[in-house]
Amino acid sequence: MSWWRDAVVYQVYPRSFADANGDGVGDLPGIESRLPYLRDLGVDALWINPWYVSPMADGGYDVADYRAVDPVFGTLWDAERLIRAAHRHGLRIIVDLVPNHTSDRHPWFQAALAASPGSPERARFHFRDEPNNWSSRFGGPAWTRLDDGQWYLHLFDTAQPDLNWDHPEVRAEFEAVLRFWLDRGVDGFRIDVADRLVKQAGLPDRPVRETGAPTFTENGARPGDQPDKDRPEVHAIYRSWRRVLDEYPDRAFVGEMWVTDPERFAMYLRPDELHTAFNFAFLKCAWEARALREVVDATIATHARVGAPPTWVLSNHDVTRHATRYGREDTRFTKRIHDAPTDHALGARRARAAALLSLALPGGAYVYQGDELGLPEVFDLPDEARQDPVFRRTGGVDLGRDGCRVPLPWGGDAPPFEFGRGGSWLPQPEAWRDRTAARQLADPASMLSLYRLALRIRREEPGLGDGPLRWLDLGEGVLAFARDPGVLCVVNLSGGPVPLPEGAPLIASAELASGKDGTLLPPDAAVWLRT
């Protein structure tokens with residue numbers, strides 16, 4: 001079976017993972033130094049956020065050179081060494097690819113700025129004499145005017161001009177970039193905003209609601225009607241990329257598509273396109289049994305139509321950490337809300353149960369760095385420390401994503417908690433002294449110990465990973481399913497303890513109790529049973 005069908009992938013946000021040179025920013029040698037930790041955690045692969053040359057207007061998602069490593073992270077030699085070292089530890093490397101836009105410092109865009117309207121240099125991007133009504137995903141308009149009167153398109157920050165994927169030079173360049181990194185041994189690519197590359201011909205206005213407001217939200221237009229995303233022409237790009245990837249054995253694509261229609265989502269995962277994609281419906285879902293059951297069923301059915309494995313993800317570098325979300329009255333992820341009342345103990349308890357749920361479901365799973373430590377979102381960062389352009393572009397109304405990107409606490413009793421010798425680019429909470437990896441490794445009841453044991457069992461049990469799922473009925477508010485042969489997963493989302501079926505506990509997210517009806521699973525807890 002192909003490795004990517006049931007891989008557990010650990011997401012590394014390199015600026016915040018480990019700092020080897022003491023400048024307060026994580027780097028590639030820092031990642032290499034922590035490979036034994038990741039190996040012992042039990043993951044199969046690392047997805048590393050962009051390490052390319054970048055002015056960091058959007059944390060590296062504004063790329064100025066796709067074939068070089070930014071000096072803040074190291075060198076190309078460091079990247080090649082990291083890939084080889086990861087392979088020695090039995091870990092695969094998935095690198096981030098950002099094809100929708102470049103940095104405004106990219107040589108192509110600098111040449112476009114120096115050229116005149118209508119020039120070949122400007123044809124690689126979207127320049128026009130009048131803007132349309134499109135909005136930036138980071139807030140504000142999606143167009144910026146130059147001194148010569150023309151406007152250029154940026155669906156994200158002004159420093160991230162969108163490429164014109166109808167241009168043959170753009171398509172040829174990215175196929176060459178794929179080969180460049182494949183030749184250096186990477187095992188796959190995560191494709192940033194994979195659904196947005198192609199724009200509708202003529203760049204028409206987006207549909208308008210009855211209120212007259214442009215429909216800039218994900219659900220503001222019918223599937224297929226949005227001129228700036230999920231265009232049918234995008235699939236030809238991924239078919240051509242797949243032909244490149246298939247020249248290299250055992251490599252894989254994972255797409256980031258915020259496509260809500262399941263039929264259109266599945267089109268990206270057809271056998272000649274992408275291998276896997278992030279399951280945002282599961283990430284956004286409320287901590288409710290019925291809602292989770294519906295998402296799981298829909299996910300499995302959607303992926304089965306095209307023979308692709310599902311994936312399950314709880315957090316990433318763009319969303320509020322789930323240990324915080326699950327401690328709120330509204331447990332969904334809809335947007336980043338910084339002032340909602342949060343029960344942190346409840347959130348941590350649910351995060352433990354969610355870990356066992358996600359790792360027991362069929363297919364692959366993603367673990368965002370710090371999930372295994374139970375890290376919460378950090379909201380009280382000083383404004384001057386924030387670097388996410390969302391904070392600036394919304395005038396501070398949206399605090400942005402820095403709160404889930406605070407550098408990891410590895411050990412010690414005070415910041416920077418062995419992240420590095422020179423502080424950390426975002427301040428860490430003093431309370432994280434109780435959440436360091438070193439302290440949790442010494443505690444068999446910690447979140448880290450739970451993850452390590454769950455991942456070990458997942459690797460040992462043939463029923464876990466890719467394969468079928470069979471639901472069991474254990475009552476209202478309880479998710480229970482069998483992974484044959486021989487493993488049951490039970491998650492209690494009801495308000496009280498529930499009796500468990502026959503079986504020997506393999507792992508539980510909370511202490512089990514005894515009652516007149518047998519072994520009881522407390523609320524907001526999960527258990528794996530051997531039958």
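Side-chain atoms are counted along with the backbone in the values below, which use heavy atoms only and exclude waters and symmetry mates.
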Looking at [X] and [Y], would you say the former's side chain and the latter's main chain have a donor-acceptor pair under 3.5 Å?
X: Ser424; Y: Pro407; value: no
X: Arg105; Y: Ala64; value: no
X: Arg421; Y: Ala20; value: yes
X: Asp343; Y: Gly327; value: no
X: Arg179; Y: Val244; value: no
X: Ser103; Y: Val63; value: no
X: Ser315; Y: Val313; value: no
X: Thr75; Y: Asp78; value: yes
X: Gln160; Y: Asp157; value: yes
X: Ser135; Y: Gly140; value: yes

Can you confirm whether the side chains of [X] and [Y] place a donor and an acceptor under 3.5 Å from each other?
X: Asn279; Y: Thr299; answer: yes
X: Gln150; Y: Arg145; answer: no
X: Asp96; Y: Trp47; answer: yes
X: His154; Y: Thr144; answer: yes
X: Ser240; Y: Glu175; answer: yes
X: Asn100; Y: Asp192; answer: no
X: Asp228; Y: Gln200; answer: no
X: Asp19; Y: Trp425; answer: no
X: Asp62; Y: Ser54; answer: yes
X: Tyr61; Y: Asp318; answer: no

Item to check | Arg81, CZ: over 12 other non-hydrogen atoms inside 6.0 angstrom | outcome: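 12 or below, so no.
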
Next on the checklist: For Trp165 and Phe174: C-alpha separation, side-chain torsions, deciding distance, then whether ring-ring contact (aromatic ring centres under 6.0 Å, His included) applies.
Outcome noted: CA-CA 10 Å; Trp165 273 89; Phe174 275 87; 5.2 Å; yes

Less than 6.0 Å separating the ring centroids of [X] and [Y]?
X: Trp181; Y: Tyr248; value: no
X: Tyr152; Y: His126; value: no
X: Phe73; Y: Trp51; value: no
X: Tyr238; Y: Phe253; value: no

Distance to the ring centre below 6.0 angstrom and angle to the axis at most 45 degrees; does that hold for [X] and [Y]?
X: Arg128; Y: Trp151; value: no
X: Arg34; Y: Trp410; value: yes
X: Arg15; Y: Tyr13; value: no
X: Arg393; Y: Phe138; value: no

Item to check | Taking every non-hydrogen atom, the tightest pair across Arg386 and Leu399 | outcome: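 Between these two residues, the closest heavy atoms are NH1-O, 3.4 Å.
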
Is any side-chain heavy atom of [Y] closer than 4.5 Å to one of [X]?
X: Leu146; Y: Phe127; answer: yes
X: Tyr10; Y: Asp44; answer: no
X: Gln369; Y: Leu375; answer: no
X: Trp108; Y: Leu163; answer: yes
X: Asn316; Y: Leu283; answer: yes
X: Arg435; Y: Pro376; answer: yes
X: Leu381; Y: Pro427; answer: yes

Mind telling me whether [Y] and [X] have parallel, tilted or perpendicular rings, with 30° and 60° as the class edges?
X: Phe156; Y: His101; answer: tilted
X: Phe125; Y: Phe109; answer: perpendicular
X: His317; Y: Tyr368; answer: tilted
X: Tyr52; Y: Tyr66; answer: tilted

Item to check | Atom pair CZ/OG1 of Arg325 and Thr320 - distance to nearest 0.5 Å | outcome: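 Those atoms lie 7.0 Å apart.
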
Checklist entry - How long is the gap from CZ on Arg184 to CZ on Arg67, to the nearest 0.5 Å? => result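 That separation rounds to 9.5 Å.
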
